[in-house]
Amino acid sequence: MSNTYMIIEHFTPGKEKDVYGRLEGKGRMMTGSLRYIDSWVSADGSYCFQLVEAHDPTDIETWINKWEDIVTFEVHQVISSKAMQKKMKDDDHV
């Protein structure tokens with residue numbers, strides 16, 4: 001079963017061009033069960049929100065290790081609002 005994660009990437013100040021240079025040269029470098037869904041970047045270019053899926057959360061750590069010299073990460077498992085509404089409704093009937 002796959003889980004969805006919101007990854008918040010904080011680019012090291014002054015390294016934003018390095019992040020985009022690596023991305024252009026090597027791609028996202030996601031391996032294993034990771035599947036990129038979409039991403040959004042702050043208007044000032046200092047951080048990025050990425051939505052990814054993973055069957056094995058250790059694949060996230062492997063991916064982070066390839067970027068941690070120029071990016072710091074927050075990893076949050078997320079579910080859709082609709083799924084949370086259903087969960088809350090179902091929990092009321094337990």
Side chain to side chain contact (heavy atoms under 4.5 Å, CB included) assessment of Val52 paired with Ile37: CA-CA 5 Å; Val52 302; Ile37 298 172; 5.7 Å; no
Any donor-acceptor pair under 3.5 Å linking the side chain of Ser33 with the backbone of His55? yes
Same cluster or not: are Val75 and Trp67 linked, directly or through other Ile, Leu, Val, Met, Phe, Trp or Tyr residues, by side-chain heavy atoms under 4.5 angstrom apart? yes
Are any of the side-chain heavy atoms of Leu23 and Arg28 separated by less than 4.5 Å? yes
Do Leu34 and Asp56 touch side chain to side chain, with heavy atoms closer than 4.5 Å? no
Heavy-atom count check: over 12 atoms from other residues, nucleotides or ligands less than 6.0 Å from Lys66 NZ? yes
Would a 4.5 Å heavy-atom cut-off, applied to side chains only, mark Glu9 and Gln50 as touching? yes
How close do Gly45 and Val41 get, heavy atom to heavy atom, and via which atoms? CA-CG1, 3.9 Å
Do Lys86 and Asp90 have side-chain heavy atoms sitting under 4.5 Å apart? yes
Not counting sequence neighbours, which residues clear side-chain hydrogen bond (donor to acceptor under 3.5 Å, both in side chains) with Glu16? List them please. none
Side chains of Ile79 and Thr4 in contact at under 4.5 Å (non-hydrogen atoms): no
Residue pair His10, Val71: steps toward the side chain to side chain contact (heavy atoms under 4.5 Å, CB included) verdict: CA-CA 6 Å; His10 300 272; Val71 178; 5.7 Å; no
Check: Lys15 main-chain N/O paired with Thr12 side-chain donor or acceptor under 3.5 Å: no
Donor-acceptor pair, side chain of Arg22 and main chain of Lys17, under 3.5 angstrom: no
Compare all side-chain heavy atoms of Thr31 with those of Asp59 and state whether any distance is below 4.5 angstrom. no
Any chain of hydrophobic side-chain contacts (each under 4.5 Å) joining Ile60 to Met29? yes
Please confirm whether Trp63 and Phe73 have ring centers closer than 6.0 angstrom. yes
Minimum heavy-atom distance Cys48-Phe11, with the two atoms named: CB-CZ, 3.7 Å
Going by ring-ring contact (aromatic ring centres under 6.0 Å, His included), name the residues that satisfy it together with Phe49, two or more places apart in sequence or in a different chain. Tyr47
4.5 Å side-chain heavy-atom contact, Arg35 and Met30: no
Between Tyr36 and Ile7, is there a side-chain heavy-atom distance shorter than 4.5 Å? no
